[in-house]
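Here's the structure we're looking at; comments come further down.
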Amino acid sequence: MKKKLHYIIEGAVKQFGIPIPEIVIELPKEDSFGDLATPAAMSLARILKKPPRKIAEDIVRAIAEKDVFEKIEIAGPGFINFTFSKLYIYSELRVLIKDRSEFLRADIGKGKRIQIEFVSANPTGPLHLGHGRGAAVGAALSNLLSAAGYKVEKEFYVNDAGRQVKLLGLSVFARYNQLLGIDYPSPDDGYKGFYIEDIANRVIRDYGNKYAEASIKEAGEFFTDFSYRLMLKGIKQDLKEFGITFDTWQSERELYERGEVEHSINDLKERDYIYEEDGAVWFRSTAFGDDKDRVVIKKDGEYTYFAPDIAYHRNKAEKEFDELIDIWGADHHGYIPRIQAVIQALGYPKESLRILLVQMVSLLRGGRPVQMSKRAGEFVTLKEVIDEVGADTTRFIFLTRRPDSHLEFDLEVAKAQSAENPVFYVQYANARINSIFSHAKEQGINIEKSEDADFGLLSLPEETRIIKKLLAYQMAFEGAVIAHEPHRITFYLQELAGMFHPYYHRHKVVTDDANLTKSRLALCEAVRIVLKDGFEILGLNAPERM
RNA sequence: GCGCCUGUAGCUCAGUCGGAUAGAGCAACUGCCUUCUAAGCAGUGGGUCAGGGGUUCGAAUCCCUUCAGGCGCGCCA
């Protein structure tokens, strides 16, 4: 609909003999302003140095395909308001019902390959709420983009090498000894969460006191591997419960084992972005706008944390993707310039990697902050929150906010509101439609072939509004895709549900009038199609009854 | 000190690329179940868009500045 209007207006603007500017088309605030509007005449006023209303008149006069519209009005300072003809609107609605993919999927992606990396939590503890937000947003974005015709791969980067997993192993080793009655000190900066003891108990269960006499040198590797693998298993389990799956799990270890860390640094060296100073090896990230150069190999010969990240991003960039997306917690924002520098130093355009930040989640309980420290083991896990308030409610809370807004997640409020949560409002609309359809079936009404219904019978103002809202899904969808903002879908669904609930409440769908019933059922069918599409994108369940 | 994010109704948040009279939900208050599900519907009240300046036909939106909150600024990971 928008695309069509865009084309029509551009055609009409050609008459001015100037380069055609970007034509803005928007949904007017009020129904009386028509279906779509453009302020184009006002923007042109500056260039053409003519009064906006005069320009608007010229544009309207030049519009060729007048039969698409019921009326075209010039309003206010120079808006052109378009109201589409009923016939055109019905034909669009018919497309929606008949071939949802043709209607819903503006093929923006055109089969382009895109990789989205998200969550990527260290396997040194269970997922917490912040990971949950990244997971909800990442999954929804993936669904959104694949719905728009991209080929999306979801990747989880596993930090299974380096100091943190070793420290995890050591922490478990210490706890293991202590549980066996051996006096063994826990590492000062080690992990202290409840799960450390759980892992230690698992070792005892599976291996008894086999490692009781062992030194950390002998047993360290075993404990590290055992522990992080168990943690990773738990992370996968938590994600599964949250309804999120990944296509690939890229291991950091593997990058080391395949020599990619070394190779990537050599690669940069050949490109003259690596140098030695003060006994360390540096990456010249300042060449691409970073504040300072970054150490990749320390004086003691060890790689920094940054080194495998270079290898990892080189690994991604070498794969056949048209675009890469990293979703990070906002606390890592300082890391962006150096990673972008890596991409550019390797000869890829900056735009090939897009880093999206998801802002922090602070957890409250009854208005008071809950201390979150992974090391000290004081934190509420994602699983606990899901168990307490439900997966759909939790996801909905994450997806009704812009990713860059700071989120205060109050457990008490979430729990109290879980019954009042808007997610149920939207799901309920779907459940009611199912119920209406089963009622219709009981009445012996043929509920097949909705697209053949006579939409002309849908003459109530509420029905017109709903139809137009349904058609507006195209714009909401397209906007969400282009901006990479799944939360727009969430708000759209709430608005649609907000129109549908009053409708069925006030007007019976199944009546004695067979033709009208059929038309209204078709409208319900269209609403259901759009709701389900939104649910799929957001990763929400669509219960048939509630 | 420097950088990133945020500040909109009592609370939680939307607000498209600068457009028309700033919107939802929750909370509060009034009504509505003999009907296809009351997780619903109808209605009421609630605003210095943090403050100040600027840009222009037009600013919650863009620029400058002040204030407030969060996060980040290691040869840590």
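Because only heavy atoms are used, hydrogens play no part in the values below, and waters and symmetry mates are left out as well, while side chains stay in. Please read these numbers as outputs of a predicted model, since none were measured by experiment. Each chain gets a letter, A, B and so on, in the order the sequences are listed, and its residues count up from 1.
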Base-pairing assignment for [N] (Watson-Crick or G-U wobble, both under 3.5 Å):
N	result
B:rC62	B:rG54
B:rG72	B:rC2
B:rG23	B:rC13
B:rG18	none
B:rC33	none

Run the side-chain hydrogen bond (donor to acceptor under 3.5 Å, both in side chains) test against [X] and tell me which residues pass, sequence neighbours left out.
X	result
A:R402	A:D404
A:T517	A:T511
A:E57	none

> Tell me, which pairs form a salt bridge (charged side-chain N to carboxylate O under 4.0 Å, His left out) where one or both residues lie in residues 33-45 of chain A, sequence neighbours left out?
Replying inline: A:D35-A:K468

>> Please report whether the ring centroid of A:F79 lies less than 6.0 Å from that of A:F33.
In response: no

>> I'd like the C1' distance from B:rA14 over to B:rU6, given in whole Å.
In response: 15 Å

> Taking OP1 and OP2 of B:rA77, is either one under 4.0 Å from a side-chain nitrogen or oxygen of A:K298?
Replying inline: yes

> So, are A:K298 and A:D278 salt-bridged, with charged N and O less than 4.0 Å apart?
Replying inline: no

> Once each nucleotide of nucleotides 39-45 of chain B is scored for protein heavy atoms under 4.0 Å, what B/S/- sequence comes out, 5' to 3'?
Replying inline: BBSS---

>> Counting primed atoms plus P, OP1 and OP2 as sugar-phosphate and everything else as base, spell out the protein contacts along nucleotides 11-21 of chain B at 4.0 Å heavy-atom distance: B, S or - for each nucleotide, 5' to 3'.
In response: -SSSS-B-BBB

> Going through the checks in order, is the side-chain contact (heavy atoms from CB on, under 4.5 Å) test met by A:T286 and A:F288?
Replying inline: CA-CA 5 Å; A:T286 48; A:F288 302 96; over 6 Å; no

